[in-house]
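Report on one structure; see the data block that follows.
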Amino acid sequence: MDTLFSIAVYILFGLFGFLLLLFVLAVLFGKRIKKKWEYEAEFRDSDGREFGEFDIEMSRIEKEEPDFSFKAKFKLRHESLEAGQRVQVYLDSLLVMEGQVATAGRILLGRDAIVNEAVEATSGQVCRVVYGGLERFAEAIRPD
C-alpha cells in the first residue's frame with residue numbers, strides 16, 4: 001500500500017513539475033504581443049446563433065516588430081453566399097477587406113484580403129458586410 005501511495009505522489013509531483021517547467025519556458029522564450037486595441041463584431045441569427053465574425057486589432061510582437069500593424073479576420077457562414085461572389089467588409093464607410101467566395105455558403109478572409117490598413121477603430125463603429133450589390137449584415141464593433 002505504501003508503494004502505491006509513493007508512486008501516486010511521484011506521478012503527481014512529476015506532472016505539476018512538468019507543467020511548471022512549461023510555464024517557465026513559455027515566459028522566458030515566448031513571444032510577447034502588445035495590443036494597442038482589439039475589437040470584434042459578431043453576426044447572429046434570430047435564435048442567437050453566431051454565423052459570422054469580424055475581428056480587428058492593432059498589435060505588434062515585441063522585439064520583432066518595431067511598429068504596430070493592423071490585423072483583421074472575417075468569417076461568415078450563410079446560405080446566401082454563392083461561389084465566385086465578391087464580398088466587401090466595411091468599417092463605417094471605409095472598405096477594410098474584400099475577397100471572393102470559394103465555397104458556396106462560407107467565406108474566410110485573412111491578412112491577404114486587407115484592402116485598407118489605415119484603420120483607427122473605436123467602439124460603436126458599424127461593421128457592414130456587402131455582397132451582391134446589397135448591404136446584407138451590419139453590427140457594431142465592441143472590445144474583444
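Note that the structure is a prediction, hence the values are computed from the model and not measured. For the single chain, residues carry numbers from 1 onward in sequence order.
- Side-chain heavy-atom separations under 4.5 angstrom define the hydrophobic clusters, and the remaining members of the one that includes I11 are I7.
- Listed here is the closest heavy atom pair of S93 and R128: CA-NH2, 4.1 Å.
- Residue Q125 holds its CD atom at 7.0 Å from CD1 of I56, rounded to the nearest 0.5 Å.
- Proximity of a side-chain donor or acceptor of D47 to a complementary backbone N or O of R49 within less than 3.5 Å is not detected.
- Side-chain N or O atoms of D92 include one that pairs as donor or acceptor with a backbone N or O of V126 at under 3.5 Å.
- Under the 4.5 Å side-chain criterion, counting only non-hydrogen atoms from C-beta, V87 is not in contact with L76.
- At a threshold of 4.0 Å, the pair E42-R142 counts as salt-bridged, since one of the basic side-chain nitrogens sits closer than that to a carboxylate oxygen.
- The minimum heavy-atom distance linking G48 with R44 is given by the pair O-NH1, 2.9 Å.
- Screening residues 57-77 for ring-ring contact (aromatic ring centres under 6.0 Å, His included) gives no qualifying pairs among residues at least two apart or on separate chains.
- Surrounding CZ of R136 are more than 12 heavy atoms belonging to other residues, nucleotides or ligands, all under 6.0 Å away.
- With salt bridges taken as basic N to acidic carboxylate O contacts below 4.0 Å, one links K35 and E57.
- Rounding to the nearest 0.5 Å places CD of E82 at 12.5 Å from CD1 of I107.
- A chain of hydrophobic side-chain contacts below 4.5 Å, direct or via other Ile, Leu, Val, Met, Phe, Trp or Tyr residues, connects L21 to F29.
- Under the 4.5 Å side-chain criterion, counting only non-hydrogen atoms from C-beta, S59 is in contact with K71.
- For the atom pair CG (L91) and OG1 (T122), the distance works out to 8.0 Å, reported to the nearest 0.5 Å.
- In the hydrophobic clustering of this structure, I114 does not group with V130; members are Ile, Leu, Val, Met, Phe, Trp, Tyr whose side-chain heavy atoms approach within less than 4.5 Å, directly or through other members.
- With rounding to the nearest 0.5 Å, the separation of CG in L25 from CG in L20 is 9.5 Å.
- Among residues two or more places apart in sequence or in another chain, the side chain to side chain donor-acceptor pair (under 3.5 Å) test is passed with Q85 by none.
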| task | Go through the steps to decide whether I61 and I33 satisfy the test side-chain contact (heavy atoms from CB on, under 4.5 Å), and finish with yes or no. | result | CA-CA 5 Å; I61 300 172; I33 298 174; 4.2 Å; yes
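- For the atom pair NZ of K31 and CZ of R60, the computed distance is 14.0 Å after rounding to the nearest 0.5 Å.
- With rounding to the nearest 0.5 Å, the separation of CG in L94 from CG in N116 is 4.5 Å.
- Partners of L95 according to the side-chain contact (heavy atoms from CB on, under 4.5 Å) rule, which considers only residues two or more places apart in sequence or in another chain, are Q88, Y90, E98, V115.
- Note: the hydrophobic cluster containing V89 does not contain L134 (ILVMFWY, side chain heavy atoms under 4.5 Å, direct or indirect links).
- Side-chain atoms of K36 and E120, non-hydrogen and from C-beta on, do get closer than 4.5 Å to each other.
- The backbone N or O of G84 lies less than 3.5 Å from a partner atom in the side chain of Q100, making a donor-acceptor pair.
- Closest of all the heavy-atom pairs between C127 and F54 is SG-CD2, 3.5 Å.
- Residue pairs satisfying the side chain to side chain donor-acceptor pair (under 3.5 Å) criterion with at least one member in residues 3-23, sequence neighbours excluded, are absent.
- Contacts of P143 classified as side-chain contact (heavy atoms from CB on, under 4.5 Å), with partners at least two apart in sequence or in another chain: Y39, S123.
- H78 has its ring centre no less than 6.0 Å from the ring centre of F43.
- I141 approaches A121 most closely through the heavy-atom pair CD1-CB, 4.0 Å.
- Side-chain atoms of V27 and R32, non-hydrogen and from C-beta on, do get closer than 4.5 Å to each other.
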